[in-house]
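Notes for the one structure printed next.
As a basis for the values below, the full set of heavy atoms in this structure was taken, side chains included, without hydrogen atoms, waters or symmetry mates. Computed from a prediction, not measured in an experiment: that's the story for all the values here.
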Amino acid sequence: TNEDLERVRNIETQAGGAFRTRTLNITYDASSGAAGMREALQQLCHAAEAAVLGKYNILILSDRRVNADNVAIPALLATAGLHHHLIRRGTRTQVSLLVESGEPREVHHFAVLLGYGCGAINPYLAFATLDQMIQEGLLLDVDHKTACKNYTKAVTKGVIKIASKIGISTLQS
């Protein structure tokens, strides 16, 4: 949830410095086109390397700066690209990757992000959509906390189902 992510973002003060969090922007100037995305990915990798060298052990990949002038690197591309970059550098085991994105909505989105190295996902736009649906009367007899809990529970069950199917097919082959 948004609240859980903020607790993680501020964990350094709560955990006595054992965990250090750095938020990395995964947006770039829309007018720069495909070349801008490539450059933004390279900048993301350099920023992550610097954070790992600075002893940050939780990196939050965030597209919250999306607006009319800035577009997001697709969350999966940013996560997988950074995951593999850190593996090549030999530093992947020193850091956890979290994603704060408006992009993931469906169970498949979550499963693929997790499969490509993400440890946790904050789908802030999905939560905002639930809030709007409550305000418009499209979700009846449910408050924000319950709606988010139900959504998270459904996504978790879906990811577990996918993981169990993958495990079964792997055992059979």
Test question: given the 4.5 Å side-chain rule for I, L, V, M, F, W and Y, name all other residues clustered with Ile60, or answer none. Leu5, Val8, Ile11, Phe19, Ile58, Leu98

What residues form a side-chain hydrogen bond (donor to acceptor under 3.5 Å, both in side chains) with His144, not counting sequence neighbours? Asp131

Kindly list each side-chain donor-acceptor pair under 3.5 angstrom involving residues 35-43, sequence neighbours excluded, with atom names and distances?
| unit_1 | atom_1 | unit_2 | atom_2 | d |
| --- | --- | --- | --- | --- |
| Glu39 | OE2 | Gln43 | NE2 | 3.1 |

Look up atom OG1 in Thr79 and atom CG in Leu61, then write down how far apart they are to the nearest 0.5 Å. 5.0 Å

Looking only at non-hydrogen atoms, find the nearest pair between Ile121 and Leu114 and report the distance. CD1-CG, 4.1 Å

Please list, chain by chain and in numerical order, all residues satisfying salt bridge (Lys or Arg N to Asp or Glu O under 4.0 Å) with Arg88, sequence neighbours excluded. none

For Arg89, which residues count as a salt bridge (Lys or Arg N to Asp or Glu O under 4.0 Å) partner, sequence neighbours excluded? Glu49

Sequence neighbours excluded, every pair satisfying side chain to side chain donor-acceptor pair (under 3.5 Å) that has a member inside residues 95-110: Arg9-Glu100, Ser62-Glu100, Asp63-Ser101, Arg64-Glu100

With sequence neighbours excluded, what pairs up with Asp69 under the salt bridge (Lys or Arg N to Asp or Glu O under 4.0 Å) test? none

Within 6.0 angstrom of Tyr116 OH, more than 12 heavy atoms from elsewhere: no

Rounded to the nearest 0.5 Å, what's the gap from CG on Leu59 to CD on Gln94? Could you check? 11.0 Å

May I have the step-by-step check of side-chain hydrogen bond (donor to acceptor under 3.5 Å, both in side chains) for Asn10 and Thr13, ending in yes or no? CA-CA 6 Å; Asn10 298 305; Thr13 56; 5.9 Å; no

Can you measure from CD1 (Ile26) to CG (Leu82) and round to the nearest 0.5 angstrom? 10.0 Å

Kindly state each residue pair satisfying salt bridge (Lys or Arg N to Asp or Glu O under 4.0 Å) with at least one member in residues 14-36, sequence neighbours excluded. Glu12-Arg20

If we only count heavy atoms from C-beta on, is the Arg92 to Leu97 side-chain gap below 4.5 Å? yes

Sequence neighbours excluded and cut-off under 3.5 Å, please list the side-chain donor-acceptor pairs for residues 132-139, or say none.
| unit_1 | atom_1 | unit_2 | atom_2 | d |
| --- | --- | --- | --- | --- |
| Gln132 | NE2 | Glu136 | OE2 | 2.8 |

Applying side-chain hydrogen bond (donor to acceptor under 3.5 Å, both in side chains) to Asn67 and not counting sequence neighbours gives Asn70

Exercise answer: donor-acceptor pairs, residues 152-161 side-chain atoms, under 3.5 Å, sequence neighbours excluded:
| unit_1 | atom_1 | unit_2 | atom_2 | d |
| --- | --- | --- | --- | --- |
| Thr152 | OG1 | Cys148 | O | 2.8 |
| Thr156 | OG1 | Thr152 | O | 2.8 |

Cluster membership besides Leu125, Ile/Leu/Val/Met/Phe/Trp/Tyr side chains within less than 4.5 angstrom, sorted by chain and number, is Tyr124

